[in-house]
K.L.:
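Quick one: this structure, given as structure tokens, is what I'll be asking you about.
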Amino acid sequence: MSALALNAEALYGELLRGVRAMCTPETRLVGITSGGAWLAERLQKDLGLTGKHGSISSAMHRDDFAQRGLSAGGQTSLPFEIQGADVVILDDVLYTGRTIRAVINELFDYGRPANVRLAVLVDRGGRQLPIQADYAAARVALPITQSLALARLANGEFSFEVQEDNSTAGKK
């Protein structure tokens, strides 16, 4: 499957089905800024879950913080108790696993959840850490020189942006 042929809206439908199967009424959705937070916001509404979704930033726990610093992507906002919670972390693209590692560290700064699962729109392989998604709407292979990111259009629909990137620094 070519990255350019990925239909983000169709994959969102697959993600919706997968996350629905993972959720209980007590499940809390937490999206990684920014693409994952967009997914969490829309899933919260489409699944009819009560309460609010959370958003989480990986910035403070990244192993490349010295090079990247704080990003403008947003800060962590968890409007519910993490201690003992059933949490589904959402992200747009899973790549090296470093963002997920950082996000889990950030999550545990707020308490010890009972259960943490990961759902992603796209798993592109290339893991550098032993991290995997519990649910991935699609699995694709991309050259290391390309990055894939979710974009949200003005009408709320999703699309993908594929960019050429000759640097491997900062990959998810």
K.L.:
Would you check if L107 and I56 make a side-chain contact, meaning some heavy-atom pair closer than 4.5 Å?
P.N.:
yes
K.L.:
Do you know the tightest heavy-atom contact between D123 and A136?
P.N.:
CB-CB, 4.0 Å
K.L.:
Above 12 or not: heavy atoms from other molecules or residues under 6.0 Å from CD of Q132?
P.N.:
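No, CD of Q132 has 12 or fewer neighbouring heavy atoms, counting only those of other groups under 6.0 Å.
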K.L.:
Which atom names give the shortest non-hydrogen contact between S55 and V30, and what distance separates them?
P.N.:
C-CG1, 4.4 Å
K.L.:
Side-chain contact, heavy-atom cut-off 4.5 Å: T50 with P25?
P.N.:
no
K.L.:
Is there a side-chain contact between V103 and I100, using heavy atoms and a 4.5 Å cut-off?
P.N.:
no
K.L.:
Could you pull out the closest heavy-atom pair between D92 and G35, with the gap in Å?
P.N.:
OD2-CA, 3.8 Å
K.L.:
Which atoms form the tightest heavy-atom contact between G97 and L129, and what is the distance?
P.N.:
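Closest pair (atom of G97, atom of L129, distance): O-CD1, 3.7 Å.
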K.L.:
For A102 and H61, work out which heavy atoms get closest and say how close.
P.N.:
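Shortest heavy-atom contact: O-CB, 3.4 Å.
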K.L.:
Between R42 and E9, is there a side-chain N and carboxylate O pair less than 4.0 Å apart?
P.N.:
yes
K.L.:
Which heavy atom of L121 sits nearest a heavy atom of A137, and at what distance?
P.N.:
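Closest approach of L121 to A137: O-CB, 3.3 Å.
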K.L.:
Mind running side-chain hydrogen bond (donor to acceptor under 3.5 Å, both in side chains) on E106 and T76 for me, showing each step along the way?
P.N.:
CA-CA 8 Å; E106 176 80 0; T76 296; 2.9 Å; yes
K.L.:
With the side chain counted from C-beta on, respond yes when L29 and V19 share a heavy-atom pair under 4.5 Å apart, and no when they do not.
P.N.:
yes
K.L.:
Strictly by modelled atom types, are E164 and Q146 linked by a side-chain donor-acceptor pair under 3.5 Å?
P.N.:
yes
K.L.:
Any heavy-atom pair between the side chains of I89 and V116 that's under 4.5 Å?
P.N.:
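A side-chain contact exists here, since the closest heavy-atom pair is under 4.5 Å.
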K.L.:
Does any part of the side chain of W38, heavy atoms only, come nearer than 4.5 Å to the side chain of L150, both counted from C-beta?
P.N.:
yes
K.L.:
For the residue pair D46 and Y12, confirm or rule out a side-chain donor-acceptor distance under 3.5 Å.
P.N.:
yes
K.L.:
Answer whether the closest heavy-atom distance between the side chains of L6 and V122 falls below 4.5 Å.
P.N.:
yes
K.L.:
So do D134 and M22 actually touch side chain to side chain, heavy atoms under 4.5 Å?
P.N.:
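When only atoms from C-beta onward are counted, D134 and M22 do touch, with a gap below 4.5 Å.
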K.L.:
Does R124 make a cation-pi contact with Y95, if we ask for NZ or CZ under 6.0 Å from the ring centre and within 45° of the axis?
P.N.:
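Yes, a cation-pi geometry holds between R124 and Y95.
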K.L.:
Does a side chain donor of either R98 or Q128 reach within less than 3.5 Å of an acceptor in the other side chain?
P.N.:
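Present: a donor and an acceptor within the cut-off.
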